[in-house]
Protein chains: 2
Amino acid sequence: MKTNTPTTTALYSIEQAIKAYRKLCNKNISKIIEDITVDQALILIILNDNSSLTQMQIGDLVFKDYASITRILNLMEKKGYIKKGINNKDKRRSLLEITTKGKETLTILSPTIQLNRNTALKNITEDELNQLYTILNKITNNCNP
Amino acid sequence: MKTNTPTTTALYSIEQAIKAYRKLCNKNISKIIEDITVDQALILIILNDNSSLTQMQIGDLVFKDYASITRILNLMEKKGYIKKGINNKDKRRSLLEITTKGKETLTILSPTIQLNRNTALKNITEDELNQLYTILNKITNNCNP
DNA sequence: TATTTTTATTTGATATATCAAATAAATTAC
DNA sequence: GTAATTTATTTGATATATCAAATAAAAATA
């Protein structure tokens, strides 16, 4: 029997889990590469897998505001992980490319990224993972108008 | 059968759900009260329920950095929702009190807060909620060293 | 008691989140 | 083809996140 204070709601537990996970990720990643965050690594992976994404598509993929994407990408370019050009088929769009340094960084980080996931999901069964997906998708859909 | 790209991991679904929920909350709350956020409302609720909490305790409750708490509380004081004094038993600590405006705001927001939770958790059974807690707690514990 | 260590909060610097508005290119309507 | 509208990105302003360092009071130790 649960009481109904804000700190006992499902949403609070979600917040708690994701914050703990992000903290773990950033701690382990910055042990290996100092100047990169989980989110930046995620964007690197996405750029590595899918070529020619727009900033808006990236923003939608990582659930971030487009203004944030602009700034994050600028920092990533400044640090040499990506290169930003202009898409000549549509000059409003930027042409995003992962650099060699970016690819090397992914290679170096790959084991850590895998370790983070494994650590977070330790002792969670396939069944439970499926339950988790199902419930979270319900919540996401409920919240999206 | 799930592939192993970052956007298909459980953690990504968690991020997705919590962002959708926060967006919903902030949208509905700001329809009623313009200058308050979900997090600030949560802190108000906590201050209303538990008297004489320290800033560190609040930070731990809402999973926020103490520096953030300092700044958030300052803004909340500036907007008249709380009052910050000095705890005379321990002058390092601040004495946090919810103001009348703060209490009134909670009363006004209460139905919206409830609506947000109900909206997010619509069609989710008691069983599923318990599964969710169990799994999320596992993740949280796995991530906390 | 004086000194050292710990604790609670604050401040500074930088990155990110969010919203609104600006910019500029592409598309549509006329 | 020109004007109006839509789309992609950027910029500005403000709030929040995060880490490190500063401050000041309390507690522990000598």
Side-chain angles (χ1 to χ4, degrees), chain A residues 15-16 18-31 33-43 52-79 81-82 84-96, chain B residues 15-16 18-31 33-43 52-79 81-82 84-96:
Chain A
E15 188 92 32
Q16 184 174 32
I18 198 67
K19 291 231 175 172
Y21 177 61
R22 296 178 69 81
K23 194 161 284 186
L24 173 79
C25 287
N26 275 321
K27 200 183 65 185
N28 287 337
I29 286 180
S30 62
K31 268 191 236 162
I33 309 267
E34 269 192 54
D35 69 348
I36 203 168
T37 66
V38 210
D39 287 323
Q40 292 178 3
L42 176 56
I43 291 175
S52 72
L53 288 176
T54 68
Q55 296 189 189
M56 291 177 71
Q57 288 171 320
I58 293 175
D60 291 338
L61 277 172
V62 299
F63 317 120
K64 283 183 196 298
D65 194 84
Y66 306 140
S68 290
I69 295 293
T70 294
R71 283 155 180 145
I72 292 174
L73 291 177
N74 285 345
L75 282 174
M76 290 176 72
E77 182 174 38
K78 198 177 295 178
K79 292 186 281 192
Y81 293 118
I82 63 165
K84 253 177 111 165
I86 295 170
N87 184 330
N88 277 316
K89 313 235 178 209
D90 184 340
K91 288 179 184 167
R92 292 169 305 180
R93 298 184 181 177
S94 45
L95 194 66
L96 301 169
Chain B
E15 189 91 31
Q16 184 174 32
I18 198 68
K19 290 232 174 168
Y21 177 61
R22 295 177 70 80
K23 194 160 283 186
L24 172 79
C25 286
N26 275 321
K27 199 184 67 187
N28 287 337
I29 286 180
S30 62
K31 268 191 237 159
I33 309 267
E34 270 192 53
D35 69 348
I36 203 168
T37 65
V38 209
D39 288 323
Q40 291 178 4
L42 176 57
I43 292 175
S52 72
L53 288 177
T54 67
Q55 296 189 191
M56 292 178 70
Q57 288 171 320
I58 293 175
D60 292 337
L61 278 171
V62 299
F63 316 121
K64 283 181 197 300
D65 194 83
Y66 306 139
S68 290
I69 295 293
T70 294
R71 284 157 179 144
I72 292 173
L73 290 177
N74 284 346
L75 283 173
M76 291 176 73
E77 183 174 37
K78 198 176 295 177
K79 292 186 281 193
Y81 292 119
I82 62 165
K84 252 175 113 166
I86 294 170
N87 184 330
N88 278 314
K89 313 233 178 210
D90 184 341
K91 288 178 183 167
R92 292 169 305 180
R93 299 185 181 176
S94 46
L95 194 66
L96 301 169

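In the text below, chain A, chain B and the rest are named by the order of the sequence lines, each starting its count at 1.
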Asks: Is a donor-acceptor contact shorter than 3.5 angstrom present between the side chain of A/R22 and the base of C/dT16?
Replies: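 No, no donor-acceptor pair under 3.5 Å.
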Asks: Please confirm whether the shortest side-chain N or O distance from B/S68 to OP1 or OP2 of D/dT16 is below 4.0 Å.
Replies: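 No, because none of the side-chain N or O atoms of B/S68 sits under 4.0 Å from OP1 or OP2 of D/dT16.
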Asks: Could you tell me whether the phosphate oxygens of C/dA26, OP1 or OP2, come under 4.0 Å of any side-chain nitrogen or oxygen in A/K91?
Replies: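 Answer is no, no contact under 4.0 Å.
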Asks: Do the side chains of A/M76 and A/K84 get nearer than 4.5 Å, heavy atoms only?
Replies: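 Contact flag for A/K84/A/M76 side chains = no.
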Asks: Return the value, rounded to whole Å, for the distance between atom CG of A/N87 and atom P of D/dT10.
Replies: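 About 13 Å, once rounded to whole Å.
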Asks: Do you know which two heavy atoms are closest between A/K89 and A/N87, and how far apart they sit?
Replies: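 Where A/K89 meets A/N87 most closely, the heavy atoms are N-OD1, 2.8 Å.
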Asks: Would you tell me if any nitrogen or oxygen in the side chain of B/Q57 comes within less than 4.0 Å of OP1 or OP2 on C/dA8?
Replies: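 Result: no.
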Asks: Using atom CD1 of B/I86 as one end and atom P of D/dA24 as the other, report the distance to the nearest whole Å.
Replies: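 Nearest whole value for this atom pair: 12 Å.
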Asks: If you check the A/Q40 side chain, which of D/dA17, D/dT9, C/dA15 turns out closest?
Replies: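 Closest nucleotide among those given: C/dA15.
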Asks: Go nucleotide by nucleotide along DNA chain D from the 5' end; which of A/N26 and A/D90 gets its closest nucleotide reached first?
Replies: A/D90
Asks: Output yes when at least one side-chain N/O atom of A/R93 is less than 4.0 Å from OP1 or OP2 of D/dA8, else no.
Replies: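 So the side-chain polar atoms of A/R93 do come within 4.0 Å of the phosphate oxygens OP1 or OP2 of D/dA8, strictly under.
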Asks: Any side-chain heavy-atom pair from B/Q55 and B/Y66 closer than 4.5 angstrom?
Replies: no
Asks: Check this one for me: any side-chain N or O of B/K84 less than 4.0 Å away from OP1 or OP2 of C/dT10?
Replies: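 Result: yes.
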Asks: Looking at the side chain of A/I72, which of C/dA13, D/dA25, C/dT16 is the nearest nucleotide?
Replies: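 Taking heavy atoms from C-beta onward, the closest nucleotide is C/dT16.
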Asks: CG of A/D60 versus P of D/dT9: gap in Å, rounded?
Replies: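 In whole Å, D/dT9 P lies 10 Å from A/D60 CG.
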Asks: Look at the side chain of B/R92 and decide which nucleotide, out of C/dT11, D/dG12, D/dA24, has an atom nearest to it.
Replies: D/dA24
Asks: In terms of the nearest nucleotide of DNA chain D, which residue is placed more toward the 5' end: A/K19 or A/M56?
Replies: A/M56
Asks: Can you tell which of C/dT16, C/dT18, D/dT9 lies closest to the side chain of A/D65?
Replies: C/dT18
Asks: Whole Å only: how far is the CD1 atom of B/I69 from the C1' atom of D/dA17?
Replies: 11 Å
Asks: Nearest to the side chain of A/T70 - D/dC19, C/dT16, D/dT11?
Replies: D/dT11
Asks: Given C/dA13, C/dA17, C/dT9, which nucleotide is nearest the side-chain atoms of B/R71?
Replies: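 When the side chain of B/R71 is considered, C/dA13 is the closest of C/dA13, C/dA17, C/dT9.
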Asks: Any idea which heavy atoms bring B/L96 and B/L53 closest together, and the distance?
Replies: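 Answer, listing the atom of B/L96 first, then B/L53: CD1-O, 3.8 Å.
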Asks: Side chain of B/Y66: nearest nucleotide among C/dT9, C/dT18, C/dA15?
Replies: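 Of the options given, the side chain of B/Y66 lies nearest C/dT9.
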Asks: Keeping A/K79 on the side-chain end and A/D35 on the backbone end, is there a donor-acceptor pair under 3.5 Å?
Replies: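 Pair found, side chain donor or acceptor close to backbone of A/D35.
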